[in-house]
Amino acid sequence: MSSDFIREMIAADVAVGKNGGRVHTRFPPEPNGYIHIGHAKAFLLSYGVAQEHGGRFNLRFDDTNPTKEEQEFVDGIIEDMRWLGVDWEDRLFFASDYFEQLYEWAEVLIRAGKAYVCDLSADEISAYRGTAVERGGQVVTPPGMDSPYRKRPVAESLDLFRRMREGEFPDGSRTLRAKIDMAHPNLNMRDPVMYRILRATHHRSGDAWCIYPTYDWTHGQSDAIEGITHSLCDLSFENHRPLYDWFLDNLPVPYRPRQIEFSRLNITHMVMSKRKLRRLVEEGHVRGWDDPRMPTLRGLRRRGYTPEALRAFVRGVGVTKSEGMVDLAYLEHCLRQDQNVRAPRVMAVLDPVRVVITNYPEGEVEWLDAVNNPEDPAAGTRVVPFSRELWIEREDFMEDPPSKFFRLAPGREVRLRYAYYVRCEGVVKDANGDVVEVHCTYDSATRGGDAADGRKVKATLHWVSAPHALDAEARLYDVLFRRERPEAVDEGDDWLSGLNPDSLVTAAGCKLEPSLAAANPGERFQFERKGYFACDPDSRLGRLVFNRTATLRDTWAKVRAGE
RNA sequence: UAGGGCGUAGCCAAGCGGAAAGGCAGCGGCCUUUGGAGCCGCCAAUCGGAGGUUCGAAUCCUCCCGCCCUAACCA
């Protein structure tokens, strides 16, 4: 059982009986987009930790900004989390459920002289806060200056705050601010804004409010209301922890959750910020949030990633505070590890070239046994038809092969998987000199793939009987960004300039063995020697579409690349 | 600049004063009816650097260096 610093801290809390030994965690997404694999790291950690202690896990939407949030994303996030096996039972919450309570607590702070209504504009607040400025080539951070409204009498602030709620003032004209310390070295403590006036329809509360609490004012109290014992979040909130604690210290809340921060997940060749993902979608660089090239959970799902593979990946990368960049190869490794033992094998020719077995009787068909998964005998066998005309992979034949190539070539003998040894006797070319047919003879004594005389053959090829083949489209994906770190671009360069123009290659004329006729969207297969594929929802009867989730490891490709 | 954080192999990551786990990638080899899978072997005289404490330091102390975050009425 692998541990990490967060699990150690929580175990230590439990050991000393903190919170009565209770462990209660949560995941607080903002419903302003679909969640990605980085979010999965976060909620799988929180959910996993709760489970390990027989504790509870809440899903709470932090929906405090009505201008960005939508019900569509609430539904999508729920669906994605369930798909990954997370269960919050009946504890689905919304920060907007706490708006009234939050409002009351704001009045508590005002009455205690710890919050005040401020009439400064956004720019003025920023200036008063003491934003860093360059002075004589040096960046200097001046202390903040008190807002002129900071000494506003309690009664006046209270009156103004109530009228803010009543809608007496225009958007952005006033804010409610916590009265903490304008000289505090932590900028978050320089009288942060708690409420802003904002006339926008909220996806849940509708038009009931025209003032909305900020995230900072909402977050810690929401955790406290729910009795969260351990609030796990990413490093960017470390600076906010003193503020959350200050609010909690000054409010009659039932709990003081312990916040622990960890580093976010980064994966090579991927962008992981919602803002950037949104741009990819909105500008049409991908086909949508569920495009199989996206790191979103729905994208990975459509691509063919399994919950098991994703969970193994997240477990495998660990939890620390160091900000690293995980190699995409590790994600693919986890998928292969998972699918190798589970995915049914099937023969599919992605780039077909016709083979004619010249000494095989015309019109004859043999149904040959093929194992469904050599890693899993329980998966059983199926039959595949063999006939005089077949499809093989174009790259499996070379007229003039290099020394390391041991597939089909003139005069060479190879095995057709589960079928026969065949020897290439010649080719037919078109006017351009391209090979359109490979002519072979077969050895009838090698039925099933073994030679009675014990002679060996170096290569085994996959194939599909031409008259029985199903037509299909395969979508072959590559990294969306060429660079390992898409965000690391030169000054003035747009990160989008690093998009890989070949991230999607559509192979239209693929040929599949007939057993695939009944494939349903979402079903996964290993196309032997080619990779793991998942049936896409775009599939139609007689026109299947498959997404390549990942290729198989390919040592021949490596040999070829090295030359 | 201020405040906060991070630095162990190409990447992720154990390590918690008794002397560098593991995984990915890579490289050799074995095996193979997927050039897949599996199996075996190799891959850190040294832990960002320099001092110090100690019989003993990746682990403790000091200073230095590098990188990241915050400086929204976003979350």
Side-chain angles (χ1 to χ4, degrees), chain A residues 2-4 8 28-30 32 62-65 67-69 118 120-122 125-126 129-135 138-144 171-177 184-190 192-198 211-212 214-216 218-219 234-242 261 263 268 274-275 316-334 336-337 340-341 345 347 370-371 374-375 404-407 415-419 448-450 457-462 484 526-531 551-559:
Chain A
S2 69
S3 192
D4 54 67
E8 282 175 12
E30 184 191 14
N32 68 341
D62 265 328
D63 53 352
T64 56
N65 185 354
T67 65
K68 292 184 177 174
E69 295 148 9
C118 181
L120 256 26
S121 70
I125 286 179
S126 174
R129 186 163 32 228
T131 295
V133 288
E134 203 164 310
R135 196 175 291 158
Q138 286 284 78
V139 182
V140 173
T141 309
D171 285 7
S173 60
R174 290 180 219 265
T175 57
L176 181 72
R177 292 227 261 163
H184 200 105
N186 182 339
L187 285 300
N188 292 126
M189 300 295 271
R190 320 250 263 221
V193 170
M194 295 162 59
Y195 278 91
R196 70 276 209 186
I197 304 173
L198 183 61
I211 57 173
Y212 286 94
T214 58
Y215 174 84
D216 278 345
T218 307
H219 188 74
D234 77 69
L235 253 22
S236 63
F237 296 104
E238 203 159 22
N239 291 330
H240 297 241
R241 183 162 19 103
E261 309 85 5
S263 64
T268 57
K274 266 195 203 169
R275 217 196 107 259
V317 299
V319 180
T320 66
K321 297 187 75 157
S322 59
E323 301 171 73
M325 175 77 63
V326 178
D327 198 328
L328 212 212
Y330 185 58
L331 212 210
E332 296 192 329
H333 162 80
C334 292
R336 294 190 186 108
Q337 194 79 10
N340 177 47
V341 296
R345 270 58 167 178
M347 292 198 283
V371 315
E375 302 293 324
K404 299 255 182 57
F405 183 90
F406 42 85
R407 273 112 93 150
R415 171 168 40 233
L416 294 181
R417 182 143 230 227
Y418 304 125
D450 282 308
V457 101
K458 277 199 126 177
T460 300
L461 270 39
H462 62 281
E484 281 203 350
Q526 184 198 97
F527 288 1
E528 293 216 34
R529 304 207 303 136
K530 300 312 293 182
T551 60
L552 259 25
R553 285 183 71 235
D554 187 350
T555 55
W556 162 242
K558 233 177 278 175
V559 169

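Quick note on labels: first sequence line is chain A, next is B, and so on, each numbered from 1.
G49(B) and C11(B) have their P atoms separated by 15 Å, with the value rounded to a whole Å. Spacing between A14(B) and G7(B) at atom C1', rounded to whole Å, works out to 16 Å. To the nearest whole angstrom, the two C1' atoms, one in G29(B) and one in G10(B), are 23 Å apart. Distance noted for atom P between G35(B) and C43(B): 30 Å (whole Å). Distance noted for atom C1' between G15(B) and C68(B): 24 Å (whole Å). When the P atom is used for both U46(B) and A21(B), the distance is 15 Å, rounded to whole Å. Comparing the P positions of G38(B) and G23(B) gives a spacing of 12 Å, expressed to the nearest Å. Rounded to a whole angstrom, the distance from the P atom of U70(B) to that of A58(B) is 35 Å.
At a threshold of 4.0 angstrom between heavy atoms, the contacts of Pro374(A) include nucleobase atoms, whether or not backbone atoms are also involved. The residue Glu8(A) sits close to a base: some heavy atom pair falls under 4.0 Å. Residue-level contact check: Arg345(A) touches the bases, meaning some heavy atom is under 4.0 Å from a base atom. If you check every strand for non-hydrogen atoms under 4.0 Å, Asp216(A) touches nothing. Residue contacts shown for Tyr212(A) are absent, as no nucleic acid heavy atom lies under 4.0 Å away. Residue contacts shown for Asn65(A) are limited to sugar-phosphate atoms, with no base heavy atom under 4.0 Å away. Residue Phe405(A) is classed as a base contact, given a heavy-atom separation below 4.0 Å to a base. Within the 4.0 angstrom heavy-atom criterion, only backbone atoms of the sugar-phosphate kind lie near Asp62(A); the bases stay farther away. Nucleic acid contact for Thr268(A): none, since no nucleic acid atom lies under 4.0 Å from a heavy atom of the residue.
Base orientation at A13(B) is anti, since its O4'-C1' glycosidic dihedral falls outside 90° of 0.
The two residues Glu375(A) and Val341(A) come nearest to each other via the heavy atoms CB-CA, 4.1 Å.
Remark: the backbone N or O of Met347(A) is not paired with any side-chain donor or acceptor of Arg529(A) at under 3.5 angstrom. Under a 3.5 Å cut-off, the side chain of Arg345(A) and the backbone N or O of Glu528(A) do not form any donor-acceptor pair.
For C42(B), the paired nucleotide is G26(B), the pair qualifying as Watson-Crick or G-U wobble because both relevant distances are below 3.5 Å. Searching all strands for a Watson-Crick or G-U wobble partner of A50(B) with both distances below 3.5 Å returns U62(B). When Watson-Crick and G-U wobble pairs are counted only if both distances are under 3.5 Å, U32(B) pairs with no nucleotide at all. A71(B) is paired with U1(B) under the Watson-Crick or G-U wobble criterion, all donor-acceptor distances under 3.5 Å. The partner of A57(B) cannot be assigned: no Watson-Crick or G-U wobble pair with both contacts below 3.5 Å exists in any strand.
At a threshold of 4.5 Å between non-hydrogen side-chain atoms, the residues Arg336(A) and Thr551(A) count as touching. Between Glu69(A) and Asp62(A) the shortest side-chain heavy-atom distance does not fall below 4.5 Å. Counting heavy atoms from C-beta outward, His462(A) and Lys530(A) have side chains that approach closer than 4.5 Å. Within the 4.5 Å cutoff, the side chain of Ile125(A) has heavy atoms near those of the Arg129(A) side chain.
As a whole-Å value, the separation of Phe237(A) CZ from G5(B) C1' is 15 Å. The CG-P distance, from Leu331(A) to C11(B), rounds to 18 Å in whole Å. Atoms CZ (Arg241(A)) and C1' (C69(B)) sit 14 Å apart, rounded to a whole Å. For the pair Glu332(A) CD and C12(B) P, the computed distance is 17 Å after rounding to whole Å. In this structure, CG of Asp234(A) is placed 12 Å from C1' of G5(B), rounded to the nearest angstrom. Look at CG on Asp63(A): it is 15 Å from P on C74(B), rounded to the nearest Å.
At a cut-off of 3.5 angstrom, counting only N and O atoms as typed in the model, there is no donor on one side facing an acceptor on the other between the side-chain of Arg529(A) and the base of G35(B). Within 3.5 Å, no donor on the side chain of Glu261(A) pairs with an acceptor on the base of G4(B), nor the reverse. Residue side chain His240(A) reaches the base of A75(B) through a donor-acceptor N/O pair under 3.5 Å, judged by distance alone.
Comparing Ser263(A) and Glu30(A) by the nucleotide of RNA chain B that holds the closest heavy atom to each, the one mapping nearer the 5' end is Ser263(A). Each of Glu238(A) and Val326(A) was matched to the nucleotide of RNA chain B holding its nearest heavy atom; the match closer to the 5' end belongs to Glu238(A).
Looking at residues two or more places apart in sequence or on another chain, you find a ring pair (Phe, Tyr, Trp, His ring centres under 6.0 Å) between Phe527(A) and Phe533(A), Phe546(A).
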Restricting to nitrogen or oxygen on both sides, can you table the protein-nucleotides 21-26 of chain B pairs closer than 3.5 Å?
unit_1 : atom_1 : unit_2    : atom_2 : d
G26(B) : OP1    : Lys558(A) : NZ     : 3.2

Identify all pairs in which a protein N or O lies below 3.5 Å from an N or O of nucleotides 71-73 of chain B, and state each distance.
unit_1 : atom_1 : unit_2    : atom_2 : d
A71(B) : O2'    : Thr131(A) : OG1    : 3.3
C73(B) : OP2    : Arg129(A) : NH1    : 3.2
C73(B) : N3     : Gly172(A) : O      : 3.4
C73(B) : N4     : Leu120(A) : O      : 2.9
C73(B) : N4     : Ala122(A) : N      : 3.0
C73(B) : N4     : Gly172(A) : O      : 3.1

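The side chain of Phe406(A) approaches G35(B) more closely than any other nucleotide in the set G35(B), U34(B), U70(B).
Ring pair Phe405(A)/Trp556(A): centre-to-centre distance below 6.0 Å.
By the 5.5 Å and 30° criteria, Tyr215(A) is not stacked with the base of A75(B).
Thr320(A) has a side-chain polar atom (N or O) that falls below the 4.0 Å cut-off from OP1 or OP2 of A13(B). Side-chain nitrogen and oxygen atoms of Thr555(A) include at least one within less than 4.0 Å of the OP1 or OP2 phosphate oxygen of G36(B).
For the residue pair Thr214(A) / Asp216(A), no side-chain donor-acceptor distance below 3.5 Å is found, with atom types taken as modelled. Of the N and O atoms on the side chains of Arg415(A) and Thr460(A), at least one donor lies less than 3.5 Å from an acceptor on the other residue.
Below 30°, between 30° and 60°, or above 60°: for Tyr330(A) and His333(A) the angle between ring planes is below 30°, a parallel geometry.
Electrostatic pairing of Lys321(A) and Glu238(A) counts as a salt bridge here, judged by a charged N lying under 4.0 Å from a carboxylate O.
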